[in-house]
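Here the structure comes first, spelled out in C-alpha cells, and everything after it is commentary.
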Amino acid sequence: MSGKAKDILQLDLYGLLGIENTATAKEIKKAYRQKALKCHPDKNPDNPKAAELFHQLSQALEVLTDAAAKAAYDKICAAKKQAEERNRKLDDKRKKIKLDLEARERQAEAHTQDEVQITRTLDEQITRLREEGSRQLEEEQRLIREQIQREREEQQNTGDYIHRNSGLGRCSSSNVTPKLKLKWKCKKDDCTNGGYCQDFILKLLRKYGDVLNVIVSSKKKGSAVVEFATVRAAELAVKNESGLSENPLKILWLEGQPEVAPASQCMSTQGSLSNERDYESVVMMRMRQAAERQRLIEQIQKEDDEEEAMS
C-alpha cells in the first residue's frame, strides 16, 4: 500500500465534509466550501491545525468528486464495514473457540489479496488525480479565495467609515458628526407637515447608513435636521435622495461636509496613524456626540426664532 492511499484510508472523507455517502457532487462541493472557508490558512495564520484540516478537506474533495476514485474509496469502506459487522456478530463463545488455523490463514490471505487489489486501484486513481490536476479542487479554492477577499474588502470599508467619522481616516479638519438640513413645502395649517414626520424621514434616509438623530422643527413647518453616523451616509443622502415626488426635499449640508484633498495626502495621513490613536479618537467622538445633539437642538430653535422674526 502506497503512502498516498494509506493517508486517504486513515481519513473519513464523508465525515470530514459532514455528508452522507449518497451525497451528490453539488452537495459535496457545497459542504467543502463551507468547511474550507472556516479553516482556510489565510484566515487562520497562527493555527497549524487549520492548515492540516484544510489539506484533508482538499483531499476529500479530490477523491469524492472524481467518479473512479470515489468508487474505489467506497469499495474499501464497504469492505471494512462488512468486516466490522462480522466481528460484531461473533459472540463470546465463538471468540473462545479456536477455528481451524489453516482455514483462517487461507481466508486471511484471500482477504489480504482483495484489500491489496482494491487499495492499489484507489492508489492508481489518486496518482491519476495528482498527475492530471483536480479541476474541481482548483475551482473551489478559487471561489474560497474570492470570498475571503470580499470579506477583507468589507472589513476595510467598515474601517474606513469609522476613520472618516472619527476624523482620522478622512481628509478633513472637522471632527463633528455630519448633519444635513432638510426643507420642503408645507402650509401653516397642514397637520401632516407636508407628508414628512420624524419616523418617515428616518425610514427614508437610513437606507444610506446609520442615522443618529432626526429633529423635525416644531415652530417652522417644512424643516428638519438629520444627524448621520458617517460622512459617507450623509454624502449618499445628499446626492441621491429627493423625497416625495409630489413634495420633493431640498437637502443641504449643515455640518461635517468633507473637504476635498489629494488622495496621496489622505493615504499618507492614514498610514501615519496607529490603531491605538484611531480607537482613542472614536471614543472621544462618541463622548462629544451627546453634547453636540443638545447644541444642535438649541441651534435649530434659534434659527427658527430668527426666521420667524424676519417673516
Side-chain angles (χ1 to χ4, degrees), residues 1-90 110-159:
M1 183 186 303
S2 74
K4 292 189 291 290
K6 185 176 181 180
D7 291 342
I8 293 294
L9 291 176
Q10 290 177 348
L11 302 174
D12 179 3
L13 303 186
Y14 294 105
L16 273 172
L17 297 177
I19 57 176
E20 300 292 335
N21 59 1
T22 56
T24 64
K26 183 177 180 180
E27 291 171 338
I28 293 172
K29 287 187 282 187
K30 181 180 178 180
Y32 166 79
R33 194 177 301 117
Q34 292 175 342
K35 298 279 187 180
L37 185 61
K38 293 180 181 179
C39 65
H40 195 281
D42 288 351
K43 300 183 72 173
N44 302 272
D46 300 326
N47 185 2
K49 292 185 178 181
E52 180 182 358
L53 177 57
F54 181 78
H55 175 66
Q56 293 175 350
L57 291 170
S58 300
Q59 289 179 308
L61 180 72
E62 280 186 315
V63 173
L64 298 183
T65 53
D66 185 90
K70 182 177 183 297
Y73 176 77
D74 288 345
K75 193 171 184 179
I76 293 178
C77 291
K80 285 185 176 181
K81 188 174 182 180
Q82 291 175 359
E84 292 174 356
E85 183 67 17
R86 287 194 300 270
N87 291 333
R88 187 184 64 81
K89 292 180 179 179
L90 291 176
H111 285 309
T112 301
Q113 291 176 352
D114 290 342
E115 183 178 349
V116 169
Q117 181 58 41
I118 296 172
T119 303
R120 183 180 296 115
T121 301
L122 176 60
D123 192 41
E124 291 172 354
Q125 297 301 330
I126 294 174
T127 300
R128 177 182 59 79
L129 284 174
R130 295 292 187 271
E131 292 175 351
E132 295 178 356
S134 175
R135 288 192 298 267
Q136 296 281 3
L137 178 61
E138 292 175 0
E139 175 65 15
E140 292 301 319
Q141 291 187 351
R142 181 185 67 80
L143 294 174
I144 288 175
R145 288 194 300 269
E146 290 178 356
Q147 184 166 343
I148 291 174
Q149 181 62 29
R150 287 195 298 271
E151 291 177 358
R152 286 176 175 173
E153 290 175 356
E154 291 174 359
Q155 292 174 356
Q156 182 63 38
N157 291 337
T158 302

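Side chains are part of it too, since the values below use all heavy atoms of this structure and drop only hydrogens, waters and symmetry mates.
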> Do the side chains of Ile76 and Thr121 get nearer than 4.5 Å, heavy atoms only?
Replying inline: no
> Stepwise, does the salt bridge (charged side-chain N to carboxylate O under 4.0 Å, His left out) test hold for Arg88 with Glu85?
Replying inline: CA-CA 5 Å; Arg88 187 184 64 81; Glu85 183 67 17; 2.5 Å; yes
> Which pair of non-hydrogen atoms, one from Leu9 and one from Lys80, has the smallest distance, and what is that distance?
Replying inline: O-NZ, 3.6 Å
> Between Tyr73 and Asn21, do the side chains contain an N or O donor and an N or O acceptor separated by less than 3.5 Å?
Replying inline: no
>> Between Leu53 and Leu16, is the side chain to side chain contact (heavy atoms under 4.5 Å, CB included) condition met? List the steps.
In response: CA-CA 9 Å; Leu53 177 57; Leu16 273 172; 3.8 Å; yes
> Closest approach of Ala68 and Gln125, non-hydrogen atoms and distance?
Replying inline: CB-OE1, 3.1 Å
> Name the one of Thr119, Ile126, Ile118 that satisfies side-chain contact (heavy atoms from CB on, under 4.5 Å) with Leu122?
Replying inline: Ile126
> Any side-chain heavy atom of Tyr32 sitting closer than 4.5 Å to one from Ile144?
Replying inline: yes
>> I'd like to know whether NZ of Lys30 has more than 12 heavy-atom contacts from other residues, nucleotides or ligands below 6.0 angstrom.
In response: no
> Once you round to the nearest 0.5 Å, how far does SG of Cys39 lie from CD of Glu52?
Replying inline: 10.5 Å
> Any side-chain heavy-atom pair from Asp12 and Gln56 closer than 4.5 angstrom?
Replying inline: no
> Any chance CD of Glu20 has more than 12 other-residue heavy atoms, nucleotides or ligands included, within less than 6.0 Å?
Replying inline: no
>> Closer than 4.0 angstrom, basic N to acidic O: yes or no for Lys70 and Asp66?
In response: no
>> With side chain to side chain donor-acceptor pair (under 3.5 Å) as the test, pick out the partner of Glu140 among Arg145, Arg33, Lys29.
In response: Arg33
>> I'd like to know whether Leu64 forms a side chain to side chain contact (heavy atoms under 4.5 Å, CB included) with Tyr14, so could you lay out the CA-CA distance, the side-chain angles of the two residues, the decisive distance to 0.1 Å, and finally the verdict.
In response: CA-CA 8 Å; Leu64 298 183; Tyr14 294 105; 3.7 Å; yes
> Rounded to the nearest 0.5 Å, what separation is found between the CZ atom of Phe54 and the CG atom of Leu37?
Replying inline: 9.5 Å
>> To the closest 0.5 Å, what do you measure between CD (Glu62) and CG (Leu13)?
In response: 10.5 Å
>> Measuring only between side-chain heavy atoms, which start at C-beta, is Leu17 closer than 4.5 Å to Gln34?
In response: no
> Which pair of non-hydrogen atoms, one from Asn44 and one from Ala50, has the smallest distance, and what is that distance?
Replying inline: CB-CB, 3.6 Å
>> Any heavy-atom pair between the side chains of Ile148 and His40 that's under 4.5 Å?
In response: yes
> Does a side-chain heavy-atom distance below 4.5 Å link Lys43 with Lys38?
Replying inline: no
